[in-house]
Amino acid sequence: MKIALIGNQNSGKTSLFNLLTGNNQKVGNWPGVTLERKTGILRTSTAEVIDLPGIYSLSPYSNEENIVRRFLLEEKVDLIINIIDSTALERSLYLTTQLYSFNIPMIIALNMTDLAFEQGLRIDVERLSTMLNVPIIPISCLKRTGIKELIMLITKDTPTITNFPSLYSQPLQETIRKVAELLPIDAKEFLAIKLLEADVELSTKVDLDVNESISQLKAHYKLGVSEILANERYNFIEKIRDEAVSSREKPKLLTDKIDRILLNKYLAIPIFVLIMLLVYFLAAGPVGMFLSSLVERGFAALNDALANFLVNVGASPWAVSLVVDGILTGVTSILSFVPQLLILFFMTDILEASGYMSRIAFFFDRIFRKVGLSGKALIPFIIGTGCSVPAIMASRVIEDERERKLTVLLTPFIPCGAKLPIITLFAAYFFPDTTGLVSASLYFLAIIIILLTAFVLKRVFYKQKYSPFIQELPTYKAPNMRYVLRDTGHKTWSFITNAGSVILFASVILWFLLSFNWKLQYGVAVDKSILSDVGRLFSFIFYPFLGTNSWAAAVSIIQGLVAKEQVVSSLSIIAKLSGGDSIFNSPLFAFFTPASAYAFMAFNLFSAPCFGAIGAMYQEFGNRRTMIKALLLQTIAALLIATLIFQLGTLVEGLL
Amino acid sequence: MSDMQTLDMLKIGQRARVLRINDDNPALKQRLLDMGITTGVIVRIDKISPLGDPFCLELRNYRLLVRRADVSAVEIEVLP
């Protein structure tokens, strides 16, 4: 049996999917978390449950709607579970009335009934069920009530018939029936309605001329067909609402009280800046640094113990060096950042789950629109503080293609979790008193550069084209800690496994290239090694913002393509092999000044991202040419910005 | 008609009844209809973005963010 889970954006669909299947999909409180369909198996059964993207309608104007339409048309679905947000009953039932036209058996899962009750709404579930002629189970995904009953109904008492009430007045109902009869395929009624609406996608695929019917309807109702249909669906829903819902006076909601402060005319933007400062202050500032230093000390002890052990058991010097200077230094230099990342991921997960993201889109939309982006671009930009890959994929919530590609191009500019080690390493050493502030400054610098780049690209390359911004504003929700912790744990764990695989592998190769010369003689000084010669070939590229030709910095930057945290790992290994007891004590990195340190951070922030993110960009752009152009643009921009920072910074340093 | 009013003209806190939506942009019109902005519905301007745009509308017991420009085709009658 195939069960499709369909509902509005932000209706709790993915939470229900997780409860029905025992799956652990990511849940958020912003519209559009589910971008693609996901499949799971219903508990205690063999039925397949498909979680589809959240939609409000079955029009062809958004990617999500197209995915759901195509799914319902092409796959044989046995049952639809229509999840409904009780607090937005009318808007939710609008989708239900459209699902009717597929004539697939349906169950309604009435979610958030407790919230509706708090808002003074009393829903007569039995009456609602009779009027819609669909079985209804009230559930609460948050409190996990009604789930057992829902599963029982699906497995034991599966609805098989469809006898939905008719929605439309005459002659509309009759016209739909007549057109449907002429269609030789399934989903007749749905297609008939879409033909009469002159649906831009389906009208070209179905060979049937309904122009005469359309003009007759227009003449009779004095309105366009899509307007008649929407009006009548909502009329039907209002009739049901009047009979099945009684409302008391709406109490003052907590959401409104919070919004009065967070969306206050003067406070909104300062509060946003404060929140992001707090995130970076906790992650990169004193708290995160303290925790990281503890981990670092532990690793240093482990390093010494292991070195002693290897020497005692008589391991050859090269083996000791490989294990201690190569593998351990490379891997632990990264792992000591885990506490800081844990804080960063946790904080951004809370932001995502609370409903604050939609507010950011609301108050930044105007600025973003000026540069050809919409407030929706904020969503990838915030997810990007974790990892660019899911952030680039989240750009799919943006409907306009040009705007979406621009967002894909700009998302890697956001300091992701893997760039945080680079930032905190340099910020902590060169700006010891203001580490949190300097780290946060790179986040805000990224936003400014994103706006500037978008503005320039819009002026130079694109014709101005307008796309609308229409989005639901969800109420605030206390983040579900189970989901937040699981997601934070998941992100942190993938960082750790990356250190244990990619970084470990890269460290071994790096150690080899640093310990041998071209004649494959072991034990040469690092600046006679294979890698030093390779680095000298293109160290000139980075001269403008480092102020010196450094092969060691050059090879480290380039390794950022493997993974951005590899930059730190590489600096650590080179420093260790060159005899420095910490990175900036090494003679190879003694040249760094605060100006070149900040420029170095900025270059790593804005240049071509890691291979993972490049892959995601390729997937979203759909062709290699655009991807290569984007990478070039990012790297050239990075070079310009870093050079500017270095030159200005050096000037300032000279004055001080 | 000189006194025809559209949704983008409303001020914060004002309520209005929707009369119809102009046909200028069918895709946008469909989207607004789908979100419940249909003939007869009552909308209220709940909030305005700190930067002056977009709007937050309250209708059908939920909140919808829209830009002024996107609702300039919605003809309304202001309610007292």
Could you look at A:E65 and say if it's the side chain, the backbone, both or neither that has a heavy atom under 4.5 Å from chain B? side chain
Salt bridge check, A:E227 against B:K29: does any charged N sit closer than 4.0 Å to a carboxylate O? yes
Whatever's closer than 4.5 Å to a heavy atom in chain B on A:N235 counts as neither
Hey, would you say the A:Y56 and A:Y94 ring centroids sit under 6.0 Å apart? no
Specify which of A:F364, A:F363, A:Y266 makes the most heavy-atom pairs with chain B at under 4.5 Å. A:F363
Within this structure, what is the CD1-CZ distance for the pair B:I45 and B:R15, rounded to the nearest 0.5 Å? 12.0 Å
Under 4.5 Å heavy-atom distance to chain B, tell me which part of A:I269 shows up: side chain, backbone, both or neither. side chain
At a 4.5 Å cut-off on heavy atoms, which part of B:I48 comes close to chain A: side chain, backbone, both, or neither? backbone
Just so I understand: if I count every heavy-atom pair under 4.5 Å between each of B:V66, B:N61, B:L28, B:I21 and chain A, which residue has the most? B:N61
When rounded to the nearest 0.5 angstrom, what distance separates OG in A:S59 from CZ in B:R31? 7.0 Å
Contacting region of A:I237 [heavy-atom separation from chain B under 4.5 Å]: neither
Restricting to non-hydrogen atoms, name the atom on B:F55 and the atom on B:L7 that form the minimum distance, rounded to 0.1 Å. CE1-O, 3.7 Å
Value for CD (A:Q98) from CZ (A:R69), rounded to nearest 0.5 Å, stands at 9.5 Å
